[in-house]
Structures are given as C-alpha cells and as structure tokens.
Colleague: 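Before anything else, here's the structure in question.
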Amino acid sequence: MLNYKRYKRVPVVDYPQRQWPNKQIEKAPIWCSVDLRDGNQALIEPMTVDEKVEMFNLLLKLGFKEIEIGFPAASQIEFDFLRKLVAENMIPDDVKVQVLCQCRKNLIDRTFEAIEGIKNVVFHIYNSTSTLQRDVVFHKEKPEIIQIAIDGTRMVKEGMKNFKGNLQLEYSPESFTGTELDFALEICTAVQKEWNHANENPIIFNLPATVEMNTPNVYADQIEWMSTHFEDRENVIVSVHPHNDRGTGVAIAELALLAGADRVEGTLFGNGERTGNVDILNLAYNMFSQGINPELHLENINEIIDVYERCCKMQVGMRHPYAGKLVFTAFSGSHQDAINKGKQALEERGSEIWEVPYLPIDPADVGREYEPVVRINSQSGKGGVAFVMNTVYGYKLPKAMHREFADVIQLISETEGGEVAPARIMEAFREEYLTLKAPYEFVSAKVEDDHGEEETKVTLVFKYNGEEIVSEARGNGPIDAVKLAIHQSVGAMDVAILDYDEHALSEGSHAKAAAYIQMRDNRTGNVTFGVGVSSNITRASIRGVFSALNRLAK
C-alpha cells in the first residue's frame, strides 16, 4: 500500500474576497517563449547553435514578441548564440530578447556584455524564496533573501547606465508557490522600490509555479492576492510561469489569467523540467476554440511539430491536445456517427460557426487533413464508415444503407485484423456494389419517353448467367421499365423497389452521378442496396438495379 502518510498537505489560501471565478478570458496575454532556455535545459541532448537558430526563427514566425534565449552568463554556447543573433541582425526591432541571470555581479556584468547592441531586452533576475529552500538550500532568513533581490536589482540598474538599448526588468521570486504570500509581496515590493522606475517600462513580476504544489484554484487565489496587493499596479506586469507537476499546468495558467495575470511564460508542447512547462500552444488553441484571437500564427501545426521534433529530439504524443496524430480521430461508432451528422448539418445550414460534435475545432484550421479524422476498426459503427465514404470519396450513402455497408467493413476488420484504411474501404465498396457482374450483367439500354402514354419504354440488353438477352418493356419510369424487362425474361426474379436516392459525385465536364437502389426479394424477404455510377443519371440508376439484383443473388 502507498505510504501516503509521508506527505503533508500544502496550505491553501484563505481568501474569501476572490473575484476570479466570476470572470472569463477575453483576450490573449503577453506570450513569452522560454523554449530556448527552460525548454532547452530540460533536453537530454541540448540544441546546437544551428538548432537554436532554427527554433528562434520558428518562434518569430509564430509571432512571439518576447523570447527568452537562455542564460548567457552561465554558458559559452548560449553567450555565442546570442552574439550570433546580434551579429547577423536576426532580432527584429519589435521583438524583446529575454535573458536570465542570477543576482550576482559577475554574472550580471557578463550578461550586459552578451546583450550589447540589442534594441529591446528583458533582463530577468531571480532568487528562490520558498520556506523549504530558505531552510535546506540557502540557510538564510527572510531579510537575507530580500537583500539578495535588492542587490541584484541595484546591479542591473547600475549596469543599465552604459546600455544603449531599451531594458525592462523582470524579477521572479523563484518557487513562488511554496512561498508565504506576505513574504512574496514583501520581496517584490523591495525590488520595486529599489528599481523605482529606472525607465519608463513597467516592471515584470513573474510569479512562477516552479513546482506545481496544489489545485489550480489555489494558484489562482495566490495570483489574485498578489495582483491586488502590488503597489502602483498600473506599472506592474504580472507574469506567470507554470509547470506541470500535477498535470494541470494549462488549468493553472488559465485560472491565473482570470485572476489578473497579464503575461504567460511557457514552451511549445510543454517541454521543460520534470513534467514540463505550461504548453503555450495548448493555451492558445484553447482560446482560438472559444473565438478569441490567440495573437499567434498557429495555422500550420504540422510545421511546428516538424521543427520542434527535429530541434528538441522529442516526439509529440499521439494524444497531445490539438497536435497529436490521433486527436482528430474517432474510433467509437457513436462518435463517428455524430461527427458525420454534425458535418452534414454544417453544410446544409451554411453556417459560418463551427459546431461539430467531438471536434472542438475544424482540423483544417490548423493545417490538418480530414482523411484521418475517422479511422475504422472492428469497434467502429455505421456512422464512421459512411463518414469516410462521404468525406474521402464523395459517396453520400442513404441512412438505411449505413448499417449494411458497415457490417461488410466490420467483417473485414475482424478477419484481416486492425484498422481498415479508407482505400481498403473503397476497395470493398467497389467489390460489393460497383463491379458485380453475376448472375446479372448490364450491357446497354435505350430509354424513350412515351409522352402520350406517360410511360417510359426501355430496350435493355443484359446477360444472365453469361447468356445475352434483349428485352423490351414499358413502365412508369426507367427503373420500373428495367425491372419489368428483366422480370419478363428471367422468370425466377420477383423483386420490389423500396427506395431510390441519387447525387452528383463531382463537378465539371467529367462529373458523375451515383444512384442507390434499395430492393427486396419478395420470395425470401431479403433487402439490400445496389449502387450504380455513371456520367448519365439514368444509366447510373439502371446500374444500381443490376447491382442490387446481384447482391440479392449472393
């Protein structure tokens, strides 16, 4: 049995004044990518300079205006990478480069060397403030921890005197979630007073869930409490840096935005230490799915995946939100049926609003294809097979036909094993409906309308068990006339037409039509569908009659 008594509960916040539960996310925050720092340091094989350049260019393409590129004072590779960006003029004027640095003079001086020549910089300093780290790591009391932050701020302010670019200070009370709120506010206020608006830029207070320690509502309480207690709040940017230790990184970020956060630091696909950082793409696509502009260019998820997997040498999970290969698929028969009906309703109504069951967004909006949306196996239902036939091949099977053809595909899945690909489904459709030639084989037909008698005359040429027959008959339409022409030549046949449907398969000069004939054998009571395809709708209907006859004969 798990020894749960080894662990103690992390205290919650006593904050009955909370307002965040009554709010909604209405706009995108300031996004800051930390892929090149937090993400890179968590890789088994850190990125090379060339890979960092490729990742940096991807982040620019996606529209990030704040990018933390690393810890240039602590690594020669990161120092050289930053200098390469400067030397090759790769940093756009409207992009802020963020650099991380501990509150030590030699590191701060080295960081100023690294950012020389950059127009816009976020200088990010931090020190750990949690009760646990004060006790077991630093062995310092609160005033000593505060002094570290004050000294770091003072050193940045001093170094800024010779810096010609635009510099914004960011301070993080690292391990904020394990820090007493009054102490977190005290140390941030001390930094704020020391900085004292060294320039016109608002100070950034980054309140990280360095370790996710409690339920998302507790983090939201912490953020709202801090946000409402900061002095000179209009000149403070409240930033969050959530991790995912409890698996709720996205949730705590969203609730933090409700609680007053202005800015989010995170990574693509949530790469980061331990269980990772918050997934910025997940957050952004969540906003997109609610009709909110995420203010990032995320139309091609496949390109993002490609660069990420190549540079990070990590794989995006098959069930990863929005990005995984299986997230727009449906194996369940009831899900497949609902997707099919939802898409049909969308088309019929001509609605500009996307509303399809089980698909929060249109896969096409993020560069995904419809072909893999529904995948067929032995557990799939009639709706999924019909959906594939419609979306991939254009056949809108009548509802009464769904079960009949789904049974065919289910048998294939059970006998051949595993998933049935769309191409295999179409192959089975041809075999079952379109290419049958025994015992009845259609050869030709001449159709004439007798307007005086309001009848249709058909001269039909067909084969029965290989013997060619010519038969002429009149009926109340081409299908009825064909049925009579066959019946009077093949006495063993006794069938009734139960239903008929048709539609165009494609547009243009080479357009074809599909006709569906539901037929009953009056002798046995068996009912089946036949399908005919032709550039002529009458010929397609006749082929459908022959298809149904052959299926009944089977």
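Count residues from 1 along the sequence.
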Colleague: Does one side chain, of Trp20 or Asn217, offer a donor that lies under 3.5 Å from an acceptor on the other?
Modeller: no
Colleague: Evaluate the side-chain proximity of Val53 to Glu88: yes if any heavy-atom separation is below 4.5 Å, no if none is.
Modeller: no
Colleague: Answer yes or no: is there a donor N or O on one side and an acceptor on the other, between the side chain of Asn201 and the main chain of Leu167, under 3.5 Å?
Modeller: yes
Colleague: Which atom pair, heavy atoms only, marks the closest approach of Cys311 to Met55?
Modeller: CB-CE, 4.1 Å
Colleague: Provide the full list of salt bridge (Lys or Arg N to Asp or Glu O under 4.0 Å) pairs with a residue in residues 290-303, sequence neighbours left out, each pair given once.
Modeller: Lys61-Glu303
Colleague: Do other residues, nucleotides or ligands put more than 12 heavy atoms under 6.0 Å from the CZ atom of Arg18?
Modeller: yes
Colleague: Find out whether Trp354 and Val356 are in side-chain contact, i.e. whether some heavy atom of one side chain is under 4.5 Å from a heavy atom of the other.
Modeller: yes
Colleague: Thr228 side chain to Glu224 main-chain N or O, any donor-acceptor pair under 3.5 Å?
Modeller: yes
Colleague: Enter the distance from Thr391:OG1 to Gln344:CD here, rounded to the nearest 0.5 Å.
Modeller: 10.5 Å
Colleague: Of all the heavy-atom pairs spanning Pro208 and Ser175, show the shortest one and how long it is.
Modeller: CG-N, 4.3 Å
Colleague: Look only at the side chain of Tyr285 and the backbone of Leu298, and say whether a donor-acceptor pair between them is shorter than 3.5 Å.
Modeller: yes
Colleague: Just grab all the ring pair (Phe, Tyr, Trp, His ring centres under 6.0 Å) pairs involving residues 104-135, residues at least two apart or on different chains.
Modeller: Phe112-Phe123
Colleague: Is there any salt bridge (Lys or Arg N to Asp or Glu O under 4.0 Å) pair reaching into residues 314-323, and which pairs are they, with sequence neighbours excluded?
Modeller: none
Colleague: Can you tell me how far CD1 of Ile125 sits from CD1 of Ile148, rounded to the nearest 0.5 angstrom?
Modeller: 11.0 Å
Colleague: For residues 56-108, pull every pair meeting ring pair (Phe, Tyr, Trp, His ring centres under 6.0 Å), keeping only residues two or more places apart or in separate chains.
Modeller: none
Colleague: Around atom CD1 of Ile77, are there more than 12 heavy atoms from other residues, nucleotides or ligands closer than 6.0 Å?
Modeller: no
Colleague: Going through the distances and angles, do Ser289 and Tyr322 end up as a side-chain contact (heavy atoms from CB on, under 4.5 Å)?
Modeller: CA-CA 10 Å; Ser289 74; Tyr322 302 101; 3.9 Å; yes
Colleague: Quick check: does any side chain N or O of Asn214 sit under 3.5 Å from a backbone N or O of Val10, one acting as donor and the other as acceptor?
Modeller: yes
Colleague: Specify whether Phe230 and Phe205 have parallel, tilted or perpendicular ring planes, treating 30° as the upper limit for parallel and 60° as the lower limit for perpendicular.
Modeller: parallel
Colleague: Between Asp35 and Ser33, is there a side-chain donor-acceptor contact under 3.5 Å, judged purely by atom types and distance?
Modeller: yes
Colleague: Check Gln102 against Ile108 and note the closest heavy-atom contact, atom names and distance.
Modeller: O-CG1, 3.7 Å
Colleague: Less than 4.5 Å apart, side chain to side chain, heavy atoms only: is that true for Asp14 and Pro16?
Modeller: yes
Colleague: Rounded to the nearest 0.5 Å, what separates atom CD1 in Ile280 from atom CG in Leu62?
Modeller: 10.0 Å
Colleague: Going through the checks in order, is the side-chain contact (heavy atoms from CB on, under 4.5 Å) test met by Lys119 and Ile91?
Modeller: CA-CA 9 Å; Lys119 294 182 179 179; Ile91 305 172; over 6 Å; no
Colleague: Are a donor atom and an acceptor atom from the side chains of Gln24 and Gln290 found within less than 3.5 Å of each other?
Modeller: no
Colleague: Under 4.0 Å between a Lys/Arg side-chain N and an Asp/Glu carboxylate O for Arg310 and Glu54?
Modeller: yes
Colleague: Would Arg154 and Asp151 pass as an ion pair if we require N to O under 4.0 Å?
Modeller: yes
Colleague: Going by heavy atoms in the side chains, are Arg83 and Glu116 under 4.5 Å from each other?
Modeller: yes
Colleague: Nearest 0.5 Å, what's the CD-CD1 distance between Glu66 and Ile204?
Modeller: 5.5 Å
Colleague: Salt-bridged, Glu170 to Arg263, with N to O below 4.0 Å?
Modeller: yes
Colleague: Please check if the side chain of Lys105 supplies one atom and the backbone of Met155 the other of a donor-acceptor pair under 3.5 Å.
Modeller: no
Colleague: Would you call the rings of Trp225 and His229 parallel, tilted or perpendicular if under 30° counts as parallel and over 60° as perpendicular?
Modeller: parallel
Colleague: Using the salt bridge (charged side-chain N to carboxylate O under 4.0 Å, His left out) rule, take Arg134 and Glu180 through it: C-alpha gap first, then chi angles, then the decisive distance, then the call.
Modeller: CA-CA 12 Å; Arg134 294 197 314 259; Glu180 309 92 319; 2.8 Å; yes
Colleague: Please collect all salt bridge (Lys or Arg N to Asp or Glu O under 4.0 Å) contacts where either partner lies in residues 346-355, sequence neighbours excluded, each pair once.
Modeller: Lys343-Glu347
Colleague: Salt-bridge test for Lys341 and Asp337: reply yes if a basic N is under 4.0 Å from a carboxylate O, no otherwise.
Modeller: yes
Colleague: Sub-3.5 Å donor-acceptor pair from the side chain of Trp31 to the main-chain atoms of Gly63, do we have one?
Modeller: no
Colleague: Not counting sequence neighbours, list each pair that qualifies as a salt bridge (Lys or Arg N to Asp or Glu O under 4.0 Å) and has a residue in residues 232-245.
Modeller: Arg233-Asp262, Asp245-Arg274
Colleague: So how far is it from Leu257 CG to Lys27 NZ, rounded to the nearest 0.5 Å?
Modeller: 10.5 Å
Colleague: Determine whether a donor-acceptor pair (N or O, by modelled atom type, separation under 3.5 Å) exists between the side chain of Ser239 and the backbone of Asn206.
Modeller: no
Colleague: May I ask you to test the Ile115-Val97 pair for a side-chain heavy-atom distance under 4.5 Å?
Modeller: no
Colleague: Could you point out which residue of Asp38, Val278, Thr275, Val211 forms a side chain to side chain contact (heavy atoms under 4.5 Å, CB included) with His243?
Modeller: Asp38
Colleague: Taking all non-hydrogen atoms of both residues, which atom of Ile353 and which atom of Ser351 are closest, and how far apart?
Modeller: N-OG, 3.1 Å
Colleague: Kindly indicate whether the side chain of Val238, heavy atoms from C-beta on, has any atom under 4.5 Å from the side chain of Met226.
Modeller: no
Colleague: Let me confirm one number: the CG-CG distance from Leu59 to Leu268, rounded to the nearest 0.5 Å.
Modeller: 5.5 Å
Colleague: Determine the sole option in Asn235, Val191, Ile237 for which the side chain to side chain contact (heavy atoms under 4.5 Å, CB included) test with Ile203 is passed.
Modeller: Val191
Colleague: What closest approach, in Å, do Cys188 and Leu207 show between heavy atoms, and which atom pair accounts for it?
Modeller: SG-CD2, 4.5 Å
Colleague: Before you tell me yes or no, could you show the steps for Lys52 and Lys84 under side-chain contact (heavy atoms from CB on, under 4.5 Å), namely the whole-Å CA-CA distance, both residues' side-chain angles and the distance that decides it to 0.1 Å?
Modeller: CA-CA 11 Å; Lys52 284 187 174 185; Lys84 178 181 177 70; over 6 Å; no
Colleague: Under a 3.5 Å distance rule, please check whether Asn302 uses its side chain to pair with a backbone N or O of Gly367 as donor and acceptor.
Modeller: yes
Colleague: Would you check if Asn127 and Tyr171 make a side-chain contact, meaning some heavy-atom pair closer than 4.5 Å?
Modeller: yes
Colleague: Between the side chain of Glu309 and the main-chain N/O of Val316, is any donor-acceptor distance below 3.5 Å?
Modeller: yes
Colleague: For residues Asn277 and Glu273, report the shortest heavy-atom separation together with the two atoms involved.
Modeller: OD1-N, 3.9 Å
Colleague: Any side-chain heavy-atom pair from Leu60 and Pro92 closer than 4.5 angstrom?
Modeller: yes
Colleague: Which is it for Val99 and Ile69 under the side-chain contact (heavy atoms from CB on, under 4.5 Å) test, yes or no, and what are the steps along the way?
Modeller: CA-CA 6 Å; Val99 288; Ile69 57 85; 4.0 Å; yes
Colleague: For the backbone of Lys313 and the side chain of Glu45, can you confirm whether one donor and one acceptor N or O come within less than 3.5 Å of each other?
Modeller: no
